Amino acid sequence: MSYDFSSGIELVKLCDEEGIKISEAMIRREEEIGDLTRDKIIAEMRLSLRVMRESVKKGLTEKVQSVSRLTGGEAMNLYRYGDLDPFSGAETCHAAAAAMAVVEVNAAMGRLVAAPTAGASGILPGVLLENAKTRGWDDDMLIDGLFCAGAIGMLFARNATISGAEGGCQAETGVGAAMAAAALVELSGGEPMQVLDAAAIAIKNIEGLVCDPVAGLVECPCIKRNAMGAANALISADMALCGITSLIPFDEVVTSMYSVGREIRPEYRETAKGGLAATPTGKLIAAGIKRMNGRRED
Amino acid sequence: MENFSVFDIIGPRMTGPSSSHTAGAVRLGYIARRITGAEISYVKFTLYGSFAETGRGHGTDKALIAGIMGCQPDDPRISSAYKYAREYGIGVDFVYSDEPVDHPNTVRIEVEDVNERKTSIVGRSVGGGNILITEINGMSVEVTGDYPTLIIQHRDMPGVISDVSRVLAQLGVNIAYMKVFRHGRRDADAYMCIESDNPVTPDMQDIIRRLCPAVHDLMVI
């Protein structure tokens, strides 16, 4: 019996046959392919959960500012505004703010956990930790959620890409949202197939999204796209949990995301040569960043 | 197809903002420290390509210094690396070059240690925090830093490679990757770059020197 699944359909079959959840399948796979024992694998994820929690807290409570001085402090504002009857609802607004917080901390050279990358690192912790507060999920549950998210991310890495340079922003904040949606569905008692549906829906919502970072920095539009990714994850999870399915199966959505990614011109794949980076304002900011080279740091 | 661990997807735990421009830069500095092998007094970093264009905005400069000070990519001290360098009395200079290079994220690290010995290292950050050292003191190499690495300069003649690998086998050192190079003339020295699963201790290095007379020089990273 091998747990080294390589597609969504294999994963669901494995879960059905063994009567296990996706998170459990991913833990068993890790035992099989790696050198770590089950206890070590879970302990390692617990460490990452701790760093995730610290990064959200730092971004929501301290006045962070990015190295470029372009961003920081907005997540905190959005979080407070979330208590004032926001259009998106308090939970969504708070999750979006928490997601932004992590990426603001990232830009300020703080510590975080890539999920699946640094530029998309806010969505998964933002969505999970904010919902944990209102739903009473404990750390053991959250760790399961992370393994479930990891299974979905692994399938994208294996059968498509999780690199903005290769597949655009859909491969980063898109996959981050798919991972978060998947975790929410499993933690809410959804079936493995519903987990895949949620992930597929999240990617379909943003398929083709380009990576056009201003001045090549992981700030604009990355930080706000993590907020949007959180909202995408929440809506996609709700759709799957109420029984809405993805007309195109998960595995086919993965390959279509990859083929779209390969078609995206290099200007729109992290090179900072197109899109927002190529706007007059974007270019002005890039020139300012280059001028920082001449200044000494104190 | 690559077999990803769950910790490749949820992870690494790192200091932001960029795995290539920050985490990779820390590792480049760290490897330069290990290659130098002595206490460092001064470092000059020359940044090329995207490192030169956006390095300051990504904190590449701080990351390189932190690496030179011995930090790993998730060290919280990276953002105050200049301060730490001052406290430890290490001089640092940066040159932002627009000279064309093969790889966009390239840096040349010129180190001076307390014995006034100079070491020059060229490396690149190849994505996801992974790195490649391509040059040490003018010698072309390929070192990833993922494994303990042994670099051997030796006479270019038949049997040296098998001699070295036999000695390593007897010492219980398993070779993970191995590359052999020659620079220019056939009668000049050749090089071996050996990445192993277990480290090659100083005792083992002496044994290699003793048992392989064609080995002229040997360096462990």
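Worth saying up front: this structure is predicted, and the values here are computed from it rather than measured. Chain A is the first sequence line, chain B the second, and so forth, proteins listed ahead of strands; every chain is numbered from 1.
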Note to self: Determine whether N3(B) and R158(A) satisfy the following criterion, side chain to side chain contact (heavy atoms under 4.5 Å, CB included), listing intermediate values before the conclusion.
What the structure shows: CA-CA 7 Å; N3(B) 215 357; R158(A) 188 163 177 154; 2.9 Å; yes

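- Heavy-atom minimum distance, A107(A) versus P17(B): CA-CB, 3.9 Å.
- The line from NE2 of H58(B) to OG of S68(A) is 9.0 Å long, rounded to the nearest 0.5 Å.
- For a residue to count as touching a neighbouring chain, one of its non-hydrogen atoms must lie under 4.5 Å from one of that chain's; by this rule V218(A) touches chain B with backbone and side chain alike.
- If you measure heavy-atom distances from M45(A) to chain B, the contacts under 4.5 Å come from both the backbone and the side chain.
- In terms of non-hydrogen atom pairs under 4.5 Å with chain B, the most contact-rich of A286(A), S121(A), G216(A) is G216(A).
- Other residues, nucleotides and ligands contribute only 12 or fewer heavy atoms inside 6.0 Å of the CD atom of E39(B).
- Atom CZ of R50(A) has 12 or fewer neighbouring heavy atoms from other residues, nucleotides or ligands inside a 6.0 Å radius.
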Next item on the list: Carefully, step by step, assess D75(B) and R111(A) under the rule side chain to side chain contact (heavy atoms under 4.5 Å, CB included).
Entry: CA-CA 8 Å; D75(B) 199 303; R111(A) 220 152 69 107; over 6 Å; no

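- Interface remark: L70(A) contributes no atoms to any contact with chain B (heavy atom separation under 4.5 Å).
- Within the 4.5 angstrom heavy-atom criterion, atoms from both the backbone and the side chain of M154(A) approach chain B.
- Put simply, CD1 on I9(B) and CG on L124(A) are 11.5 Å apart, with the number rounded to the nearest 0.5 Å.
- Highest contact tally toward chain B, considering only L47(A), L146(A), V103(A), is held by L47(A) [criterion: heavy-atom pairs under 4.5 Å].
- Under a cut-off of 6.0 angstrom, the local environment of CD in E116(B) is sparse, with at most 12 non-hydrogen atoms contributed by other residues, nucleotides or ligands.
- Contact between I41(A) and F7(B) at its shortest, heavy atoms only, is O-CZ, 3.4 Å.
- Separating the OG atom in S18(B) from the CE atom in M109(A) is a distance of 10.0 Å, to the nearest 0.5 Å.
- For L112(A), the parts lying under 4.5 angstrom from a heavy atom of chain B are both the backbone and the side chain.
- Contacts between A23(B) and chain A at a heavy-atom distance below 4.5 Å are absent for every atom of the residue.
- Nearest heavy-atom pair, A149(A) versus I10(B), reported as atom, atom and distance to 0.1 Å: CB-CD1, 4.3 Å.
- In terms of non-hydrogen atom pairs under 4.5 Å with chain B, the most contact-rich of S6(A), G110(A), A118(A) is G110(A).
- Here NZ of K290(A) is found 6.0 Å from CG of D98(B). Values are rounded to the nearest 0.5 Å.
- Rounded to the nearest 0.5 angstrom, L217(A) CG and T54(B) OG1 are separated by 6.5 Å.
- Heavy-atom pairs under 4.5 Å with chain B peak, among S163(A), A108(A), S66(A), G153(A), at G153(A).
- When heavy atoms are compared at a cutoff of 4.5 Å, S5(B) approaches chain A by way of both its backbone and its side chain.
- Looking at E54(A) and R13(B), no side-chain N of the basic residue comes within less than 4.0 Å of a carboxylate O on the acidic one, giving no salt bridge.
- Taking D4(A), I152(A), V105(A) one by one and counting their heavy-atom pairs under 4.5 Å with chain B, the maximum is reached by D4(A).
- Put simply, CZ on F4(B) and CD on E30(A) are 12.5 Å apart, with the number rounded to the nearest 0.5 Å.
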